[in-house]
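In what follows, chains carry the letters A, B, and so on, assigned in the order in which the sequence lines appear, proteins first and then strands, with residues in each chain numbered from 1.
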Amino acid sequence: MGKVTVKFYQDVRDAAGVPSVEVETEGPTPLTLFLNNLAERFEKLKPMLANLQTERAAVIVLVNGRAPIPPSSAVLVGGEEISILPMVEGG
Amino acid sequence: MQGAYMGKILRVNLTDKKVSESPLPEEYVRKYIGGRGIAARLLYDVMSPGTDPLSPDSKMVWGTGPLTGLPVQACSSGWVVTAKSPATGTYFRSRCVSNLGIMLKRSGYDFLIIEGKAESPTYVYIDNGEVEFGDASSLWGTTTDLAEYLLKNHLIRNPRVETAVIGPAGERLVKYAIIQCGTRQLGRGGMGAIMGSKNLKALAVYGDKPIPIADEELLKELVREQIAQLSAAHGAKRMQRYGTAAIHTLINQIGDYPYKNFWGTYFPEHEKLDGEGRVKRTIRNAGCPNCLINCWKITYVREGPYAGAWVDGPEYETFCTFGGLLDISNLDATIAANQLADLYGIDTISAGVAIAFAIEAFERGIITTKDTDGMVLKWRDEEVMMKLIKKIAFREGFGDLLAEGVKIASERIGKGSEEFAIHIKGLELPAYDPRPVKAHGLGMVTSNIGGSHALSYGTQEVFGLPTAVDRFAVEGKGKLTKFNQDRLTWGECCIWCTFPTRTEWHKPDLLTKIVAAATGIDFGGFDSALKIGERVWNVEKAFNVREGFDRRHDTLPARFLKEPIPEGPSKGQKFELEPMLDEYYQARGWDVATGLPTRNKLEELGLKDIADDLEKMGRLR
């Protein structure tokens, strides 16, 4: 068992309706499965979480500040902080 | 030439008020396309090595691209100024988005070369090809907004002209003085100081000549596809809402946000400066003509101590340099500081970095109140920020030292302050720490203009676009940086907007077709585009090599090389300069030991004449 903190930003936060959430995981959990479960819980996030790390991506997902490449390579063991931010450009 | 070009270069000498025209060389169009490319080549041609950038012999090349002024998305108001920078001593290009470029083109010119020095404060007015020199004595000493107002409404009496003016900082040759163009800026590299050194307070341009298009129907069809591509990009929609500051949170969350003079890379109070607060203060969205993104944000402070402050911005960089870099989290103060900098005419990036440097030097006891006109410098102090902006712009007291930029300021102060003077080749770094984004950092290290993110952006590391890359990895970053530089260089030759181009929200192959439809010239596909970008990069590099730059100058302040990031998502990262530099020079086909170009590479790029120049100087390998 481990606890993963998920933080939502900008319009992802609007969609989730909360700034952050803590999720209990039962043993090592692939990030993609974790995000699928998150999308089930927060219905409005579902379209946002599709197509990660493709040109159609709507959000950027960071695990402890880094984007796992590919997303399927990441396994959560508890204690991680996940940031979900809108895809942006600028600077 | 069939379309998109006006076919002429205008040359204006302020010393003898001589004006001349010459045809735009077709060879240069084929080799460099336009915009930054031809401007760089013209500067190389007309500027002798070793020229003092603030002397009458110094030249400025103002340039438009083939797409400037055309009904195409994400490019139409782009233009550049190239010159030798007084801040860096290197080639410099500063890019602006304002209608002045469109007016220059509609006045009949693709490029404008300004040289010499006027005897007294002067403005130059170009009206549909007619050039007039005016007395700017009444404008001298004014802020940029007043100068523009008086010029348009009282001196020229044509409110439709587009202007480029300097403020008090440009007149005083502040090394990072800007040129204000409406509400936008030529922000970096001290282009405003060059105008000031020439007694040129302002340039005003009006034109209503049609810009030819080679295949108008095909262009319309291609632009429809471009609109479809941009409309589908999620990031473009976020820019509509938040502007360039959309990235503020992301940069912080990946641990790349300069905090307290680049000591750290995570700003604990970043959310106070983030998107929604700015959206509340945005009273108008704006943007380049024809662009659906509309990334400009007119923000206004309605209440509190800064009530009445407004600015077109702040852009992301300013949110940081007048924000977290100084440990300031008051959005209203950031807006007010941005407004002051624009009115006085100084670059918000360099000014913020200079102030942060001064605060750290004070905090360490390297300087004291004896050096700072009695001011106690500390983090989180909005009043200090406001006072120093004014002191820098007017070169008052301690501000006179900071007006030279952190490189020179630290050299004069000494006592180890050079280690935390945050610049590359004399240009203060923008709002990215190089340590946790290696290609992005290497792009700044090897940039032909010094510490700028604008000539190479590690989108693969920062946004994961167009293909995600591990930002901590070292291997492969030399090659990646070359690609990013060549891509953006080509984009700025055509004058494509950097944002959707570097993330490939509109596809490169489509963009090459648009350029061909507009110009009637087949420049080839994206591979050819990259080759043109590489050619232009080498011309700019050759300019710098002539000035004495080589591998020794492609480096970073000791902070990034020696100090691991102390906390946050990028904790422990340093910048692994040497192996990345080796790989970069190899990818460029340059001499690895010296960083100098080789004859083989220059001849491969069709630059034999430049190779000959460098060889005569003993600067070729």
Side-chain angles (χ1 to χ4, degrees), chain A residues 4-21 30-32 35 38-39 44-76 79-91, chain B residues 229 232-239 241-256 265-266 271 274-276 279 293 295 315-317 430-432 436 453-454 457 459 461-473 498-500 502-505 507 568-571:
Chain A
V4 175
T5 304
V6 185
K7 292 186 173 176
F8 306 110
Y9 292 95
Q10 296 172 343
D11 52 356
V12 183
R13 180 177 295 180
D14 296 341
V18 291
S20 65
V21 63
L31 176 64
T32 43
L35 293 175
L38 201 65
K44 287 184 184 170
L45 288 185
K46 201 174 266 184
M48 289 183 163
L49 289 170
N51 304 313
L52 285 182
Q53 281 183 13
T54 71
E55 59 184 16
R56 295 278 175 227
V59 297
I60 296 170
V61 175
L62 305 174
V63 179
N64 296 331
R66 294 181 77 180
I69 305 170
S72 58
S73 67
V75 176
L76 307 176
E80 293 88 351
E81 180 181 297
I82 294 182
S83 303
I84 307 181
L85 309 102
M87 176 57 73
V88 290
E89 239 289 13
Chain B
Q229 289 184 4
H234 292 282
K237 291 170 196 158
R238 265 53 174 264
M239 286 192 81
R241 181 170 172 80
Y242 300 112
T244 62
I247 66 171
H248 194 270
T249 299
L250 172 65
I251 301 300
N252 197 63
Q253 291 308 107
I254 64 172
D256 192 38
T265 61
Y266 184 85
E271 288 210 65
D274 195 22
E276 292 308 326
V279 170
I293 295 177
C295 68
E315 307 294 342
Y316 161 69
E317 306 294 342
Y432 307 89
H453 62 299
Y457 198 106
T459 54
E461 295 174 330
V462 177
F463 310 117
L465 292 175
T467 309
V469 167
D470 180 3
R471 61 194 172 88
F472 290 169
T498 186
F499 302 119
R502 66 194 186 191
T503 46
E504 300 187 10
W505 290 336
K507 301 296 166 211
S570 296
K571 184 176 177 179

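- Interface check for chain A: of the options B:Tyr316, B:Tyr457, B:Trp505, the most heavy-atom pairs under 4.5 Å are formed by B:Trp505.
- When each of B:Tyr266, B:Tyr432, B:Phe472 is checked for heavy-atom pairs under 4.5 Å with chain A, B:Phe472 comes out on top.
- Both the backbone and the side chain of B:Leu250 come within less than 4.5 Å of a heavy atom in chain A.
- Of the listed residues (B:Pro466, B:Ala232, B:Ala431), the one with the most heavy-atom contacts under 4.5 Å to chain A is B:Ala232.
- Two residues are said to be in side-chain contact when any heavy atoms from C-beta on lie closer than 4.5 Å; A:Val88 and B:His248 fail this criterion.
- Both the backbone and the side chain of B:Gln253 come within contact range of chain A, each with at least one heavy atom under 4.5 Å from a heavy atom of that chain.
- Contacts with chain A were tallied for B:Ala246, B:Gly243, B:Pro569; B:Ala246 has the most, counting heavy-atom pairs under 4.5 Å.
- Here B:Ile254 contributes atom CD1 and B:Glu461 contributes atom CD; the two are 8.5 Å apart, rounded to the nearest 0.5 Å.
- When only modelled atom types and interatomic distance are considered, A:Gln10 and B:Tyr242 share no side-chain donor-acceptor pair under 3.5 Å.
- Heavy atoms of B:Ala468 lying under 4.5 Å from chain A belong to its backbone as well as its side chain.
- Closest approach of A:Val63 to A:Pro68, counting heavy atoms only: CG2-CG, 3.7 Å.
- Residue B:Asn252 does not touch chain A at all, counting heavy-atom pairs closer than 4.5 Å.
- Contact annotation for B:Thr459: only side-chain heavy atoms (C-beta onward) come within less than 4.5 Å of a heavy atom of chain A.
- Of all heavy-atom pairs between A:Tyr9 and B:Glu271, the closest is CE2-OE2, 3.8 Å.
- Side-chain contact between A:Asn64 and A:Glu81 is present, with heavy atoms from C-beta onward closer than 4.5 Å.
- Looking only at distances, no side-chain donor or acceptor of A:Glu89 sits under 3.5 Å from a matching main-chain atom of B:Met239.
- Side-chain contact between A:Leu85 and A:Val12 is absent, with no heavy atoms from C-beta onward closer than 4.5 Å.
- Neither the backbone nor the side chain of A:Ala67 comes within less than 4.5 Å of any heavy atom in chain B.
- Of the two parts of B:Val469, only the backbone, made up of N, CA, C and O, holds a non-hydrogen atom closer than 4.5 Å to a non-hydrogen atom of chain A.
- For chain A, the nearby part of B:Lys507 is the side chain; its heavy atoms alone come within less than 4.5 Å.
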